[in-house]
Amino acid sequence: MRKLWLFSTLAATSLLLPVQAAQAQPQTGVGAAVVTAQQRPAAADDVHSGADEYFGFGGAWFKFTGDSTIEDIWTYANDTSCDGNNVYARLEVKHGNGHVEIVDDTTAWGEGCMGGTGHTEGVSYQHAPMGAISWARVILCNDDWGPTNTCVRGPKRDNPEF
């Protein structure tokens, strides 16, 4: 239901350019429509990292705005396996001192078996005490039964400010 509301709201707004509105329209084909509908209009300095696996797909749009800051984080995840296990996406960052951290505030949960794409938007991340951020990427996980989850990682996106 949220996806339908989000899609209707985005399509109805006068702020979208005609090209961006066309990108928000679902396309035919399995899986392709949901990815297209969930990719937000990108600014020139936005970065994208995406991942897909048998259980779903997800990604993150974000913007490096300094050596230790990422802004306008927008993550999305979609569950396509229909196995009863949720799918989620998060942003992972590596600091200049070698520390790798998963940013919990960026977690987007897929909305069940082909039920739609869950997303988070507008999150910012700043972590000066751990040093500059050297790269960031998305992690897509299947919330398996038991203590561990099955995860895949998207491509690393280097921070040009590092």
Side-chain angles (χ1 to χ4, degrees), residues 1-7 10 23-24 26-27 29-43 46-65 68-159 162:
M1 195 53 87
R2 278 188 300 181
K3 180 182 170 195
L4 180 60
W5 175 85
L6 174 66
F7 182 73
L10 288 175
Q23 288 175 341
Q27 298 176 359
V30 176
V34 180
V35 174
T36 303
Q38 294 304 318
Q39 289 179 344
R40 70 178 169 96
D46 281 356
V47 178
H48 181 260
S49 177
D52 62 86
E53 189 57 59
Y54 68 91
F55 52 81
F57 58 84
W61 289 96
F62 52 93
K63 179 184 324 187
F64 291 106
T65 56
S68 62
T69 307
I70 302 173
E71 293 183 356
D72 298 330
I73 303 168
W74 198 91
T75 57
Y76 61 94
N78 191 288
D79 182 352
T80 58
S81 65
C82 302
D83 63 0
N85 299 324
N86 292 324
V87 172
Y88 61 93
R90 291 181 173 161
L91 196 66
E92 178 182 57
V93 298
K94 182 176 181 185
H95 301 282
N97 65 4
H99 177 75
V100 176
E101 178 179 5
I102 295 173
V103 184
D104 287 335
D105 290 349
T106 63
T107 303
W109 289 91
E111 297 180 358
C113 176
M114 303 293 224
T117 302
H119 76 279
T120 62
E121 57 185 285
V123 178
S124 294
Y125 174 77
Q126 183 174 14
H127 208 74
M130 295 302 285
I133 298 168
S134 59
W135 55 256
R137 67 177 167 193
V138 72
I139 300 177
L140 178 70
C141 298
N142 195 33
D143 190 11
D144 300 327
W145 294 102
T148 61
N149 294 329
T150 304
C151 297
V152 294
R153 287 168 164 77
K156 295 174 186 174
R157 302 301 185 199
D158 292 330
N159 183 354
F162 179 69

Heavy-atom nearest pair, Gly118 first then Ala108, reads O-CB, 3.7 Å
Show the nearest heavy-atom pair for residues Gly154 and Arg137, with the distance to one decimal.
O-CD, 3.1 Å
Mark yes or no for whether Ser49, through its side chain, and Pro155, through its backbone, hold a donor-acceptor pair below 3.5 Å.
yes
Taking the inter-plane angle between the rings of Tyr76 and Trp74 on a 0 to 90° scale, is it parallel (under 30°), tilted (30 to 60°) or perpendicular (over 60°)?
tilted
At what distance, to the nearest 0.5 angstrom, does CH2 of Trp135 lie from CZ of Phe64?
10.0 Å
CD1 of Ile133 to NE2 of His99: how many Å apart, nearest 0.5 Å?
11.0 Å
Sidechain-backbone polar pair: Asp72 side chain, Lys63 backbone, donor-acceptor under 3.5 Å:
no
Take Thr120 and Thr75 through the side-chain hydrogen bond (donor to acceptor under 3.5 Å, both in side chains) test and state the conclusion after the steps.
CA-CA 5 Å; Thr120 62; Thr75 57; 2.6 Å; yes
Measuring from atom CD of Glu71 to atom OH of Tyr125, what distance do you get when rounded to the nearest 0.5 angstrom?
13.5 Å
Quick one: closest heavy-atom pair of Arg157 and His48, and the distance?
NE-O, 2.7 Å
So which atom in Ala77 and which in Leu140 form the shortest heavy-atom distance, rounded to 0.1 Å?
CB-CD1, 4.4 Å
Can you tell me how far OG1 of Thr148 sits from CG of Asp143, rounded to the nearest 0.5 angstrom?
10.0 Å
Nearest 0.5 Å please: distance from the CD atom of Gln126 over to the CD1 atom of Ile70.
11.0 Å
If you define the side chain from C-beta out and look only at heavy atoms, does anything of Val93 sit under 4.5 Å from Phe62?
no
Heavy-atom pair with the smallest gap, counting every atom of Val152 and Ala51
CG2-CB, 4.0 Å
With a cut-off of 3.5 Å and sequence neighbours excluded, list every side-chain donor-acceptor pair involving residues 84-91.
from, atom 1, to, atom 2, distance (Å)
Asn85, OD1, Trp145, NE1, 3.1
Tyr88, OH, Asn149, ND2, 2.9
Arg90, NE, Thr107, OG1, 2.6

Distance, nearest 0.5 Å, that separates CZ of Phe55 from CG of Asn78
12.0 Å
